[in-house]
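What follows is a single structure, written as structure tokens, with notes after it.
Everything numeric in this text was worked out from a predicted model, so none of it was measured.
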Amino acid sequence: MSKQPGGSAAAQSDQPVPAVDGTAAATEQSARAADTTATIDQPARADGTTATATNQPAGDTGATSQPARADTDAGDPPGANADDTGPGGPALAPGAAVFALLALGWLAAMLWSTREAISSAAAGITAISLSAFALPGVISAALVAGAAFALLGVDLLARRGSDRVTLRFVAAVATGLLVGLAAAFAINLTYADNATTNVIAGTTAAAAIIGGALAGARTAPVVGAVVAATLGTLIFVVAFSRARDPLFDLFGAGDTQESLVNAAKWVSRTESLLAGLLAGLLAFGYLTWARRRALRRDPAAPALRWPGYLLAGAGPGLLLLLAEVIIRVGGRSLLDLAGALSEADAVAQTTLGTSRVDNGIWVLFVGALTAVIAFGRTLGPGHADDEPEPVEAEPGR
């Protein structure tokens, strides 16, 4: 309505506003001031404008963030995580198939070399003695092969989502049984048909079954580290035989019996020390590799603590001692038969048995200590992760 000079409307507009209307105007002015303050507190956008709370409906923040996450998952190529069990799944042992094939190849090499040594010897006394000497290498190889193949079997079960304890243990034992039966069949098929062949076949099958049972543990990365470290240690011991003659001369082996015994003792200790160092380093390296794979699969995966590294480093020594127990129980008749051939054979069997036990103990302690020290060097200060991050003061506050 326009104001007319002297009109009634002009007269009414010039009248003072009632008290009720003044209160409403003050309330409206306070609301506008509050909107202005809220607008100023909002962060500025990149185009220079400010985002107010009224420009976005309630709940938009959660609605926009969730589709973005779904788009990210949908953008992954098909089958990118086909080998993973997803976040929170059971721990896997990387490279299980590769180590199973390597362990099988090592077992085949030990069986072939033993067969060649027995076949090249004359039947009777020499063949029995060589069978007793070759038995430890075959048993240790069968123990590792059974554990490696059983680890592969339980790893495949875990990838399919079946990680029950009973099923895992049954599958591990069954896999070790298959490896043991295959090795025993190969021995009976290719070796000469005599009493020593049956002892080697039966003890080899038992070692493979026991190795498979050990792989039924739920800590698959630790079992994989033990298998990898033990396999590397066995290969190193065979390769080290080429350096024994130079080391005998280095440690003062002469024409006397005492000098030969002392030199042999130092050569054996050197071999055990190096084998233990290698076992600990291989175990630590495998667990580090497994940890990186686990973090790529699940960034929130818990880290393995130091007892796991201790057990992985000591694992090769424990397997060597377990192989010695299997040899003395399952191959008792063969060892007694070889020791009864002559006094020299009896002394040789006793000396070799003691040397194998000492070697297993050295590898156990040196490997465990090496793995724990290597793990400890990767740890930072304990208080660094617990300190809260400093909060920077916002300008104008």
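Applying the 6.0 Å contact sphere to CZ of Arg332 captures no more than 12 heavy atoms from other residues, nucleotides or ligands. Heavy atoms of other residues, nucleotides or ligands lying less than 6.0 angstrom from CZ of Phe169 number 12 at most. Surrounding CH2 of Trp266 are at most 12 heavy atoms belonging to other residues, nucleotides or ligands under 6.0 Å away.
Leu156 and Val98 end up in different hydrophobic clusters when Ile, Leu, Val, Met, Phe, Trp and Tyr side chains are linked at under 4.5 Å. Linking Ile, Leu, Val, Met, Phe, Trp and Tyr residues whenever their side-chain heavy atoms come within less than 4.5 Å leaves Leu152 and Leu319 in two separate clusters. In the hydrophobic clustering of this structure, Leu364 does not group with Val366; members are Ile, Leu, Val, Met, Phe, Trp, Tyr whose side-chain heavy atoms approach within less than 4.5 Å, directly or through other members. Cluster membership for Leu143 and Leu177, using ILVMFWY side-chain heavy atoms within less than 4.5 angstrom, is not shared. Hydrophobic clustering of Ile, Leu, Val, Met, Phe, Trp and Tyr side chains at less than 4.5 Å, counting indirect connections, unites Trp106 with Leu320.
Between the Ser241 side chain and the Val238 main chain, a donor and an acceptor come within less than 3.5 Å of each other. Remark: side-chain polar atoms of Arg244 are not paired, donor with acceptor, to backbone N or O of Val267 under 3.5 angstrom. A donor-acceptor contact shorter than 3.5 Å links the side chain of Ser342 to the backbone of Asp345. Although no hydrogens or angles enter the test, the distance criterion places a donor-acceptor pair under 3.5 Å between the side chain of Arg168 and the main chain of Ala217. Remark: the backbone N or O of Ala184 is paired with a side-chain donor or acceptor of Asn188 at under 3.5 angstrom. Between the side chain of Ser140 and the backbone N or O of Gly137 there is at least one donor-acceptor pair closer than 3.5 Å. Of the possible polar contacts, one joining the Thr378 side chain to the Phe375 backbone as a donor-acceptor pair under 3.5 Å is found. Side-chain atoms of Ser113 come within 3.5 Å of backbone atoms of Met110 as a donor-acceptor pair (strictly under, hydrogens ignored).
In plain terms, the two heavy atoms of Ala147 and Val227 that are nearest each other are CB-CG2, 4.0 Å. The minimum heavy-atom distance between Leu231 and Ala103, with the atom names listed, is CD2-N, 4.0 Å. Val199 and Gly331 get closest at one heavy-atom pair: CG1-CA, 3.9 Å. Between Ala132 and Ala338, the shortest heavy-atom contact is CB-CB, 3.5 Å. The two atoms that bring Val363 and Ala279 nearest to each other are CG1-CB, 4.3 Å, heavy atoms only. Heavy-atom minimum distance, Ala215 versus Leu151: CB-N, 3.7 Å.
For the atom pair OG1 (Thr230) and CG (Leu318), the distance works out to 9.0 Å, reported to the nearest 0.5 Å. One distance of note links CG of Leu311 with OG1 of Thr219; it measures 6.5 Å at 0.5 Å rounding. Within the model, atoms CG of Asn198 and OG of Ser333 stand 9.5 Å from one another, a figure rounded to the nearest 0.5 Å. To the nearest 0.5 Å, atoms CD1 (Ile200) and CG (Leu334) are separated by 6.0 Å. Remark: Ile187 CD1 to Arg115 CZ distance equals 12.0 Å, nearest 0.5 Å. Rounded to the nearest 0.5 Å, atoms CZ (Arg293) and OG1 (Thr288) are 14.0 Å apart.
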Test side chain to side chain contact (heavy atoms under 4.5 Å, CB included) on Ile327 and Thr203 and set out the steps.
CA-CA 7 Å; Ile327 292 169; Thr203 311; 5.6 Å; no

Show your working on side chain to side chain contact (heavy atoms under 4.5 Å, CB included) between Leu369 and Leu310 and close with a plain yes or no.
CA-CA 7 Å; Leu369 187 61; Leu310 179 68; over 6 Å; no

Could you walk me through whether Leu278 and Leu274 satisfy the side chain to side chain contact (heavy atoms under 4.5 Å, CB included) test, starting with their C-alpha distance in whole Å, then the side-chain angles of each, then the deciding distance to 0.1 Å, before giving a yes or no?
CA-CA 6 Å; Leu278 179 63; Leu274 295 178; over 6 Å; no

Start with the C-alpha distance between Gln349 and Phe133, add both sets of side-chain angles, then the distance that settles side chain to side chain contact (heavy atoms under 4.5 Å, CB included), and finish with yes or no.
CA-CA 8 Å; Gln349 291 299 328; Phe133 289 146; 3.1 Å; yes

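Between Val226 and Leu214 the shortest side-chain heavy-atom distance does not fall below 4.5 Å. By the 4.5 Å heavy-atom criterion applied to side chains, Leu295 and Arg291 are counted as neighbours. In this structure, the side chains of Leu304 and Leu287 come closer than 4.5 Å at one or more pairs of heavy atoms. Ser131 is not listed as a side-chain neighbour of Thr114, based on a closest heavy-atom distance of 4.5 Å or more. Annotation: side chain of Phe251 is not in contact with side chain of Lys265 (no heavy-atom distance under 4.5 Å). Side-chain contact between Pro136 and Arg356: present, with at least one pair of heavy atoms (C-beta onward) separated by less than 4.5 Å.
The ring of Tyr286 has its center closer than 6.0 angstrom to the ring center of Phe99.
Through direct or indirect side-chain contacts shorter than 4.5 Å among Ile, Leu, Val, Met, Phe, Trp and Tyr, Val329 is connected to Val325.
Residue pairs meeting the ring-ring contact (aromatic ring centres under 6.0 Å, His included) criterion with at least one partner in residues 189-238, sequence neighbours excluded, are Phe236-Phe240.
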